Amino acid sequence: VATETNQLVNHVSGDPETGANGGAGRAVISRDGRTIVYETTATDLQAGVVDTNNVTDIYAYDVTTGINRLVSHEAGLPEQTADNASFSAVISADGNKIAYETLATNLMAGVIDENGSNDIYSYDLQTGTNKLISHRNSQPTIAAFGHSGTPRLSGDGSRIVFVSTANNFSSVYLFDLVSDSITLAGRPLRDMDALGLGDGASDGAATISDDGTLIAFQRRAGGPYLGFTLNSDYNVFLYRVTTGQTELISSRAGSTTFS
């Protein structure tokens with residue numbers, strides 16, 4: 001660290017020495033330290049913002065310019081907060097993409113969101129637009145049924161991994177922003193019926209490697225799963241994106257059976 005100075009992030013717009021009028025937390029920072037993303041209930045972080053939702057919103061702070069920018073805004077209206085809470089944001093290592101959970105329904109134009117639960121959105125800091133990630137298969141403007149959460153981003157932000165318990169999801173999913181496609185970790189989405197809905201394929205957050213080729217996730221269920229024999233507690237798996245192969249990490253040495 002070149003200098004040891006403190007800088008107030010959640011400050012009143014135009015006044016870097018005065019804290020905003022609401023609480024802030026869950027901050028994450030890009031690898032180069034340029035951008036900080038956080039959730040807040042404050043309404044005076046960005047000039048001109050109309051904030052009437054009375055819940056947490058997502059903001060991005062540029063450390064170099066000292067300016068806050070509203071991320072979770074209504075589609076086409078960068079100074080109007082969305083119609084419900086947004087939270088649990090993460091940022092890609094290169095600082096270009098943000099992913100977060102939200103209950104809002106008006107972040108992207110044309111979206112039909114009737115699930116009443118958390119959805120995953122990505123935000124492009126270069127274009128200033130939000131995109132629905134947890135959508136139904138082949139229906140990019142219709143939110144999936146049920147709950148989706150705990151997003152994680154690859155280093156360049158091109159891939160997002162998240163967990164979903166929606167009726168038409170059942171595990172850890174990978175969204176590729178380049179191909180605009182969703183894959184179920186360990187099995188293509190088109191084969192999800194073979195799993196059985198709600199089979200408990202994952203009970204916690206997944207993580208993705210910096211280059212976006214490896215996904216680690218946990219599963220809690222005994223018996224056979226993808227050819228492995230598991231105990232009834234948590235088991236850890238590695239999914240290789242390029243080959244589609246799943247490996248049991250928490251196994252006995254030289255065995256595919258959990259120890």
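When a residue number appears, it is its place in the shown sequence, counting from 1. Here the structure is a predicted model, which means the values were calculated and not measured.
Panel note: side chain Glu39, backbone Ser88; a donor-acceptor pair is recorded below 3.5 Å. The closest donor-acceptor contact from the side chain of Thr40 to the backbone of Gly23 lies under 3.5 Å. A distance-only check finds no donor-acceptor pair linking the side chain of Asp119 to the backbone of Ala143 [under 3.5 Å]. For Arg69 (side chain) and Leu125 (main-chain N/O), a donor-acceptor pair under 3.5 Å exists by modelled atom type.
Atoms CE and OG1, from Met108 and Thr141 in turn, are 6.5 Å apart once rounded to the nearest 0.5 Å. We find the OG1-CG distance between Thr102 and Asn84 to be 6.5 Å, quoted to the nearest 0.5 Å.
With a 4.5 Å cut-off on side-chain heavy atoms, Val37 and Val90 do not count as touching. At a threshold of 4.5 Å between non-hydrogen side-chain atoms, the residues Gln46 and Glu79 count as touching.
Under a 4.0 Å N-O distance rule, the pair Lys131/Asp180 qualifies as a salt bridge. Under the 4.0 Å criterion applied to side-chain N and carboxylate O atoms, Asp124 and Lys97 are assigned as salt-bridge partners.
When all heavy atoms of Ala24 and Asn10 are compared, the pair lying nearest together is CB-ND2, 3.7 Å. Among all heavy-atom pairs drawn from Ile182 and Ile133, the shortest one is CD1-O, 3.7 Å. Looking at every heavy atom in both residues, Ile120 comes nearest to Pro151 through CD1-CD, 3.8 Å. Taking all atoms of both residues into account, the shortest heavy-atom contact from Ser179 to Ser181 is OG-OG, 2.6 Å. For Ala42 against Asn21, the heavy-atom pair with the smallest separation is CA-OD1, 3.3 Å.
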Arg159/Asp211 under salt bridge (charged side-chain N to carboxylate O under 4.0 Å, His left out): CA gap, chis, key distance, verdict: CA-CA 9 Å; Arg159 289 174 172 172; Asp211 65 2; over 6 Å; no
Steps toward salt bridge (charged side-chain N to carboxylate O under 4.0 Å, His left out) verdict (Arg31, Asp94): CA-CA 6 Å; Arg31 181 180 293 166; Asp94 66 5; over 6 Å; no
Worked check of ring pair (Phe, Tyr, Trp, His ring centres under 6.0 Å) between Tyr121 and His135: CA-CA 10 Å; Tyr121 274 79; His135 61 69; over 10 Å; no
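In terms of the side chain to side chain donor-acceptor pair (under 3.5 Å) criterion, Thr52 has no residue partners (sequence neighbours excluded).
In this structure, His147 has its ring center at least 6.0 angstrom away from the ring center of Phe162.
For Arg26 and Tyr100, the side-chain atoms include no donor-acceptor pair closer than 3.5 Å.
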